[in-house]
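To keep things clear, I will list the structure first and then write my remarks on it.
One-based numbering, in listed order, for ligands and for the atoms of each.
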Amino acid sequence: RRPDALPRDLEGRRVVVSAGGTREPLDPVRYLGNRSSGKQGYALARTAVQRGATVTLVSAATVALPEVAGAELVRAGTAEELRSAMHEAAKGADILVMAAAVADFRPTERAEYKIKKTDHDPRPIALTRNPDILAELVEARAEGQVIVGFAAETGDDSGDVLEHARAKLKRKGCDLLVVNAVGEGKAFETEDNAGWLLSADGSERAVELGSKSYMASDIWDAVVAFIEA
Ligand code: CTP
Ligand code: CA
């Protein structure tokens with residue numbers, strides 16, 4: 001849909017979207033990161049602005065992306081920074097969307113100086129769990145606030161993509177979960193996304209393969225439907 005053909009159904013709503021992947025430093029030059037491009041989160045922020053929302057975009061590392069005109073941009077490098085930025089932005093917000101790929105673990109120690117190569121193999125890198133920001137936001141949620149989570153899943157021996165996703169929706173306690181099947185050139189570093197939208201009320205629907213802005217429109221449609229229900 002052309003921007004001028006979009007509904008203004010987010011008018012008056014305060015929306016916070018996180019995007020991109022966190023980077024967890026090991027020393028001043030190295031980090032543990034992930035392959036999130038930030039494109040889906042930026043598309044969500046852009047579409048929300050076009051549909052009339054007041055938008056804060058909390059951005060971790062992304063590929064080079066055009067800025068989202070009309071949105072407030074807050075930068076976050078690490079999961080800890082993203083956590084503070086989200087808790088701050090969540091105050092007074094109507095809708096929170098956790099599209100960012102948050103590192104589950106960070107190096108336990110962050111070396112002050114660059115780790116030098118020696119004649120020996122290095123010590124293994126010890127890792128510490130990062131806080132689950134989405135779970136914290138659900139825990140701290142204000143009355144009526146709508147919270148959307150994302151899940152990138154693969155099927156494995158213990159279940160298929162949707163089974164894992166349904167369990168995750170329950171575990172996280174959010175209102176909507178956007179599910180992308182990953183692997184074999186899907187979701188990461190691609191222009192297109194496909195998946196499912198799962199709602200806490202038990203409704204589920206498939207999102208056809210399409211651009212990330214197409215998927216963003218579908219997600220906002222689902223959020224608006226959830227609010228109206
Ligand atoms: N998330 C978060 N904080 C974390 C990890 C994830 O807020 N430390 C959010 C993501 O932004 C996403 C949702 O939780 O919206 C699901 O992320 P995912 O990585 O799929 O779930 P995990 O609970 O980390 O489970 P796992 O990686 O083991 O599948
Ligand atoms: Ca994870």
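- Nearest to atom 14 (O) of ligand 1 among the protein's heavy atoms is Lys172 NZ, 3.3 Å.
- A continuous path of ILVMFWY side-chain contacts below 4.5 Å connects Leu96 to Met98, so both sit in one hydrophobic cluster.
- The closest approach between Pro131 and ligand 1 falls below 4.0 Å for a heavy atom of the residue.
- In this structure, a donor-acceptor pair under 3.5 Å is present between the side chains of Ser59 and Tyr42.
- Counting heavy atoms closer than 4.0 Å to ligand 1, residue Asp104 contributes side-chain atoms (C-beta onward) but none from N, CA, C or O.
- Remark: distances from the non-hydrogen atoms of Arg83 to ligand 1 are all 4.0 Å or more.
- Close approach of ligand 1 to Ala100 is summarised as follows: ligand atoms under 4.0 Å from at least one heavy atom of the residue are 10 (C), 11 (O).
- Between Leu134 and ligand 1, at least one N/O pair is under 3.5 Å apart.
- Side-chain contact of Ser217 with Thr47: a donor-acceptor pair under 3.5 Å is absent, judged by distance alone.
- Of the candidates Val138, Asp132, Val148, it is Asp132 that places a heavy atom closest to atom 1 (N) of ligand 1.
- Linking ILVMFWY residues whenever their side-chain heavy atoms come closer than 4.5 Å, directly or via other members, leaves Val102 and Val97 in distinct clusters.
- For Ser203 and Asp201, the side-chain atoms include at least one donor-acceptor pair closer than 3.5 Å.
- Among the atoms of Met98, some N or O lies under 3.5 angstrom from an N or O of ligand 1.
- Checked against a 3.5 angstrom limit, the closest N/O atoms of Ile133 and ligand 1 fall inside it.
- When only non-hydrogen protein atoms are considered, atom 16 (C) of ligand 1 lies nearest to Phe150 O, 2.8 Å.
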Between Lys91 and Glu88, is the salt bridge (charged side-chain N to carboxylate O under 4.0 Å, His left out) condition met? List the steps. CA-CA 6 Å; Lys91 292 176 195 157; Glu88 185 58 36; 3.1 Å; yes
Going through the checks in order, is the side-chain contact (heavy atoms from CB on, under 4.5 Å) test met by Val148 and Cys174? CA-CA 6 Å; Val148 182; Cys174 52; over 6 Å; no
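- The hydrophobic cluster containing Leu44 also contains Ile95, counting ILVMFWY residues as joined when their side-chain heavy atoms lie under 4.5 angstrom apart, directly or transitively.
- Which parts of ligand 1 touch Gly149 is read off a 4.0 Å heavy-atom cut-off, strictly below it: atoms 15 (O).
- The shortest N or O to N or O distance between Lys168 and ligand 1 is under 3.5 Å.
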